[in-house]
Amino acid sequence: MTDTDQLPRIFQANIDRFYQRVVMTALSQLSTHTELAVGEAADMDEFLDRCAAMVDNYTANEAAKAFALTLDGMFERQISRMSQMKGLETGSWDRSLKSCAGAAGVDLAAIAVENDLSELHLVANVVRHGEGRSCDTLKAVAPQLWHSPAPDYYDLAPGPTPTSEELRVRPDDLRRYARAIQRFWGHLDRLHGAVLEPPY
């Protein structure tokens, strides 16, 4: 067994620990509201409760976006390291991803992870940079990440809201992204007992 044989198992475990111990734990601690009340409030207490609910949902969305960025960063470093250790073609995120999969004889379309991994990478780019090509591409391929006007989201900044600020990353999206990374590494894992299907 070589060092590179162990990488998929280690990378999969690292993603799993981060997702279960950090992402799921943190999101479970954040209050969210399914619908935000709008219109004139009956009194100051009601007004302040509505403001608090808006802040709760805004904060939860910002946390989810930050976790998507972190998952993408972890995965990007992992595929870069795997590519370098195997002497594969490196460069762009897409090239490194396909090099790793190709070297292991894994068909990304057959294991149904490519769309979720690409979506995650676009989400991370939008979270990092805001408006631009990634935002336009993401909105075209994943319009479900936008819902405007959303009954459960209010942009707290004054003025017009940029498209990138209306991006919504929900817990189910983070689960999909973590699951796709887990499945990717599971299918590249050639050791006995590889986990092909994560339990979430």
Side-chain angles (χ1 to χ4, degrees), residues 1-28 63-128 133-135 137-145 167-200:
M1 180 188 347
T2 68
D3 289 344
T4 53
D5 291 334
Q6 298 176 59
L7 287 180
R9 181 76 52 96
I10 292 167
F11 291 160
Q12 186 184 54
N14 289 343
I15 293 292
D16 180 66
R17 283 189 288 264
F18 177 73
Y19 176 70
Q20 294 211 53
R21 296 181 186 181
V22 178
V23 176
M24 291 178 66
T25 300
L27 293 182
S28 72
K65 291 192 291 188
F67 286 139
L69 181 60
T70 303
L71 281 170
D72 180 70
M74 289 176 69
F75 183 57
E76 187 170 11
R77 290 194 320 274
Q78 289 174 343
I79 59 174
S80 175
R81 185 168 179 182
M82 174 69 97
S83 296
Q84 290 169 4
M85 287 184 69
K86 282 189 166 286
L88 303 174
E89 184 179 0
T90 59
S92 70
W93 177 89
D94 189 56
R95 185 175 296 130
S96 293
L97 177 73
K98 289 179 177 171
S99 291
C100 285
V106 172
D107 182 342
L108 293 173
I111 63 171
V113 298
E114 190 170 15
N115 289 343
D116 285 335
L117 294 175
S118 295
E119 182 181 304
L120 169 62
H121 193 60
L122 285 170
V123 165
N125 283 340
V126 174
V127 172
R128 186 182 294 113
R133 187 177 62 201
S134 290
C135 185
T137 302
L138 181 61
K139 191 158 187 187
V141 300
Q144 74 278 5
L145 298 178
L167 171 66
R168 303 296 304 287
V169 178
R170 294 172 174 85
D172 278 349
D173 297 315
L174 292 172
R175 182 191 59 77
R176 275 193 304 117
Y177 302 149
R179 182 170 162 67
I181 297 172
Q182 294 281 72
R183 294 191 74 241
F184 176 83
W185 289 125
H187 281 83
L188 266 68
D189 188 345
R190 294 296 177 254
L191 303 180
H192 177 71
V195 178
L196 303 181
E197 296 295 336
Y200 42 79

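Side chains of E119 and V141 form no contact here, defined as non-hydrogen atoms less than 4.5 Å apart. Between C100 and K86, every side-chain heavy-atom pair lies at or beyond the 4.5 Å cut-off. Proximity of L120 to I181: side-chain heavy atoms (C-beta onward) are separated by under 4.5 Å at one or more points. Looking at heavy atoms from C-beta onward, I15 lies in side-chain contact with Q78 at the 4.5 angstrom threshold. Residues F184 and L108 have side chains in contact (heavy-atom distance under 4.5 Å, counting atoms from C-beta outward). V123 has its side chain within reach of L167: a pair of non-hydrogen atoms, C-beta onward, lies under 4.5 Å apart. Annotation: side chain of W185 is not in contact with side chain of D189 (no heavy-atom distance under 4.5 Å). Between F75 and N14, the closest side-chain pair of non-hydrogen atoms is not below 4.5 Å.
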Verdict with supporting geometry, F67 and V169, side chain to side chain contact (heavy atoms under 4.5 Å, CB included): CA-CA 9 Å; F67 286 139; V169 178; over 6 Å; no
Full working for side chain to side chain contact (heavy atoms under 4.5 Å, CB included) between E76 and S80: CA-CA 6 Å; E76 187 170 11; S80 175; 5.6 Å; no
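Other residues, nucleotides and ligands contribute more than 12 heavy atoms inside 6.0 Å of the CG atom of D107. Under a cut-off of 6.0 angstrom, the local environment of CZ in R133 is sparse, with at most 12 non-hydrogen atoms contributed by other residues, nucleotides or ligands.
T2 and D5 share a side-chain donor-acceptor pair at under 3.5 Å. Side-chain contact check for D16 and Q12: no donor-acceptor pair (N or O, by modelled atom type) lies under 3.5 Å. Between the side chains of Y19 and Q182, no donor-acceptor pair is found at a separation under 3.5 Å.
The distance from atom CZ of F11 to atom CZ of R77, rounded to the nearest 0.5 Å, is 9.5 Å. Taken from NE2 in H187 to CD1 in I111, the straight-line distance is 5.0 Å, to the nearest 0.5 Å. Atoms CD and CG, on Q144 and D173 in that order, are 7.0 Å from each other to the nearest 0.5 Å. N125 contributes atom CG, which lies 9.0 Å from atom CG of L69 (distance to the nearest 0.5 angstrom).
Contact record, L174 with A68: CD2-N, 3.6 Å, taken as the closest heavy-atom pair. Taking every heavy atom of both residues into account, R168 and R170 meet most closely at CB-NH1, 3.3 Å. When all heavy atoms are compared, the tightest approach of L88 to S99 is CD1-O, 3.5 Å. Nearest heavy atoms, I79 versus S96: CD1-CB, 4.1 Å.
Identified under the ring-ring contact (aromatic ring centres under 6.0 Å, His included) test for residues 87-118, with sequence neighbours left out: W93-H121.
With respect to D172 and R176, no salt bridge is recorded, no charged nitrogen being found less than 4.0 Å from a carboxylate O.
A side-chain donor-acceptor contact under 3.5 Å links R179 to the backbone of P198.
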